[in-house]
Amino acid sequence: MLWLTSTGMVVGRSPNGAVVGGLLRTLSTESPTGRFCSIDLDADHFALADSQQTGGLVRVLAEREVALQQSQDGKSIEDREFAWHSGCLWVCRLVPEPALSSYAQPLVTPTTHNTELLPLTVQGPVRAAFETPGILSSLYFRPYTELRQQPLPHDWIEVKVDTVGLNWKDLLLATGRFDGNNVSSEFAGIITQVGVDAASRFAVGDPVYGLGRGHFGNYTRVPAAFARKANPEDDLTQVVTMPVVYMTAVYAFEHLTRLRRGQSVLIQSASGGVGLGAIQLARAKGAQIFAMAGSQEKLEFLVETVGLPPSNVIAAGDVAGLNRAVKATCNRGFDVILSTAHGDGLHDTIQALAPLGHLIDIGRVDVEDAKSVGLELFQKSVSFSSFNLARVVDHDPELGAELMAAVDDHYRAGHISPIHPLAITDIAQLNQTLLAFSKGKHVGKHVVTFKPDSLVRMVQAPPAVTFDPEACYIITGGLSGLGRSIIQWMGDRGARELVVLSRRGPSAPEAQTLIDTLSKSDIHVHPIACDLSSEEQVVQAIKQASMIRPVKVSFTAPCPTRIFPSTR
Amino acid sequence: VSYQDISFDKVTVRGWHDGLAAKVRGTQNLHEATKHLPLEFFVMTTSILSVLSLATQSAYTAANNFQDQFARYRRRLGLPATPAQFGFVNDVGNLSTDTTTLDLMARNKVMTESNSYFLRLLEPAFLPQTTDSASDPLAAATYVTYMDPAHMLADHRNSNDLGIRSATTPRWYSDARVSHVIRAFNDALHHDTDDATSALQDSGLSSIAQLCNAFDAVMQKARNAAPGPEQVAYQAEAHSFVATAICDTVASMLLLDPAAVNPARAVSDHGVDSLIAAELRNWFHVALGYKISIVDLLDPRMSITALARQITLV
């Protein structure tokens, strides 16, 4: 059978001929001995434009008819569908589309997608990742697709990152010695988006700095409460050194204890970022400062650059030195110790406390390892605290906001200044920087800048889709099975208003569970009962949907085919 | 939604219209109701069955093909449209545990994949697609998934490892539209160094070709033999060859041990239903050049031996 239609299907004139094509495909499977062929003309009512074309078509039709009469072996490849347009016969071929095949890969890693040295800004938000967790040299960058898949929380801001400060804890996270799903924790940059609740304090374009978990992304999203506006004259590479170290110092000296003029304070690991910050804050408070450091160079730095008296500087592990320092406090001991010691060092340190003194552990090694401490050490009515700033801020965000505000206020009042010395490297050298940092030989602070044209080892992942939380999405096909997983998937990518057209609508048994589950994530599913084959009902349903939000996408979810063998 | 599940000659007019209602009427209605809206996307997930054209799925295949072409129509009007063709999702939905469906997919070598694969390949439907095809500017209107030669090769190896030999070749392998896919699959088979020699022999296409040649040879001998005892002997050889081939094929389609197929009984006695019969009938045609109606094939009085005798009559 040779079936002619005249719908101009291939050039999009009308889709109606497609029903015939589909039917003939099945028929030729069902009756292998029958011969079927369809030709669709790009013409209205078989009226071809010129007679020459008509002649050509007639010849082709005759050829096809003859071909149909010849027997066919069923093994060789055969064309059964043709389109006639522009004076010749066209066939259809499926061809591979490389742009799509990358979506078939479940994971995007350097192994599956290869890396290229690309400018940082080439594909929007990107972030660092490690191909082998814990191995610094396996660092690469990948598209930060998850960053914008959800709408920005109301009390958050999005920042185009200018600089990130490095902290020892970040390194422990990057090398897998600490558990957490971030690798950077402070930032400075320019605001690109502001949540509704943060709009009174921030505007797009404001320079900001603050505390916020990140992944060395060139964009980051952070709670607005832990960010403060930078002044136009502030150097962002300078202010970025402050959040973590000074929030730690403020919490230690103004919350856990109240450091007062004349009190003695011992600061361990004093040549690092937190140590130098603590020295500045303690100085501002008029305390008598003692400092500990691990190498001769660091001790010299504390004397020559920071300006501490040589008698107040003690080598780490030097018990005699510690005793000398205790003597210098009229044998009382220290009122406050900011400690990073562990093991025997911690034990010695606690013994150097003055009566009613306060040891604040920020090293956390023994605490994380759950070591025990003898209670007899507390006979002098001393106190022991231990904290991790990230935990403090997580458990008490209000306190976190207060700490950051205090840091900013101290800075503006001239009590404290950005940490020096400062090693500035660019994101292009991030893995070398992390490796150098991990050796622990530096003094002061490391910051990483994000120059837009920096070349980084990057994986080119296929572009990902994000849905507009302000738009309404219409989905047909119901609330169970694949329909359900599509709804969930769209919600994961930012869709918030989903109208689901199905025959049963809200009365479907699975509807309510799905609605309840998703409403917890602020995703609103609106089931509407609608028979798609009724024009009236569809128009009504679309009207209903348009009232919720402007309709952006219509989407027919799959109705799976149901296959039964018929009974004989 | 209920689809027609019987061969086209038994479909009623009512059944045909019902089969088209959701997809054809539904698509038209959604198009009419939304064409004044500034839609960013109009995505239709359609079924790869319109490429595979499996027996008994006429209305469903027609409806899916309509949706595929409807995208061209919308694009010509300057409206967005993307139908994305998908195969069988094997871990979500009622059908994923339906053995009839699973067997059908397996017999026809349809690629089945997980829900997460489906969602990953759904992603590009919502991204602007471009095409550089000069001959068909609307080519980007549709994309087809679950057609991966590498995946087909993996499945093929897997079946070989499990010792499953397929006697039949799915009919869609010979559809010119997928010829590039099949060629890539065959190339991959040839280059599959692990079992370069056995791959050639075990590819569905070549095993049918071998059967075909062997059948021709044995029939030739029977035909050319001088009448008498010699011809009788050759005819008996041809007869037993065909009977064995039928038994093997029935066994492989029903996933049975070949020894479990009794040539003294009809194919329908072994559980061949109308769905499998349509595929089996295709095999008779391709491998043995024999045209048989579904009625004859499923006739409970027609034993496999009798069937083989009919085929080998000189």
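The model shown is predicted, which means the values in this text are computed figures rather than measured ones. Residue numbering restarts at 1 for every chain, and letters A, B, ... go by the order of the sequence lines.
A donor atom on one side chain and an acceptor atom on the other are not found under 3.5 Å apart for A/Thr29 and B/Ser53.
The two atoms that bring B/Ala62 and A/Leu23 nearest to each other are CB-N, 3.9 Å, heavy atoms only. Scanning both residues, B/Phe66 and A/Ala18, for their nearest heavy atoms gives CA-CB, 3.5 Å. Here the shortest heavy-atom pairing between B/His180 and A/Val95 reads CD2-CG1, 3.8 Å.
The backbone N or O of A/Thr26 lies less than 3.5 Å from no partner atom in the side chain of B/Gln57, so there is not a single donor-acceptor pair. Between the B/Arg281 side chain and the A/Glu30 main chain, a donor and an acceptor come within less than 3.5 Å of each other. Counting only distance, with no hydrogens or angles, the side chain of B/Arg25 and the backbone of A/Leu532 share no donor-acceptor pair below 3.5 Å. At distances below 3.5 Å, not a single donor-acceptor pair connects side-chain atoms of A/Arg25 with backbone N or O atoms of B/Leu52. Distance alone, capped at 3.5 Å, places no donor-acceptor pair between the A/Arg93 side chain and the B/Ser179 backbone.
Counting heavy atoms from C-beta on, the side chains of B/Trp16 and A/Val19 come closer than 4.5 Å. Here the side chains of B/Arg72 and A/Val10 are in contact, with some heavy-atom distance below 4.5 Å. Annotation: side chain of B/Thr145 is not in contact with side chain of A/Tyr103 (no heavy-atom distance under 4.5 Å). Taking the side chain as every heavy atom from C-beta outward, A/Ile542 and B/Leu30 approach each other to under 4.5 Å. Residues A/Pro15 and B/Gln67 have side chains not in contact (no heavy-atom distance under 4.5 Å, counting atoms from C-beta outward). By the 4.5 Å heavy-atom criterion applied to side chains, B/Leu122 and A/Ile486 are counted as neighbours.
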What verdict does the side-chain contact (heavy atoms from CB on, under 4.5 Å) test give for B/Arg177 and A/Arg80, after you've listed the backbone C-alpha separation in whole Å, the side-chain angles of each residue and the deciding distance to 0.1 Å? CA-CA 9 Å; B/Arg177 287 178 302 158; A/Arg80 300 166 190 137; over 6 Å; no

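To the nearest 0.5 Å, the span separating CG on A/Leu501 from CG on B/Asn29 amounts to 11.0 Å.
Note on ring orientation: taking the six-membered ring where Trp is involved, the planes of A/Trp489 and B/Phe126 are tilted (angle from 30° to 60°).
Heavy atoms closer than 4.5 Å to chain B are found in both the backbone and the side chain of A/Asn16. For a residue to count as touching a neighbouring chain, one of its non-hydrogen atoms must lie under 4.5 Å from one of that chain's; by this rule B/Asn115 touches chain A with the side chain only. Only the side chain of B/Gln28 comes within contact range of chain A, judged by heavy atoms closer than 4.5 Å.
Counting only residues at least two apart or on different chains, the salt bridge (Lys or Arg N to Asp or Glu O under 4.0 Å) pairs with a member in residues 472-493 of chain A are A/Arg493-B/Glu123.
The ring pair (Phe, Tyr, Trp, His ring centres under 6.0 Å) check on B/Phe88 picks up nothing, with sequence neighbours excluded.
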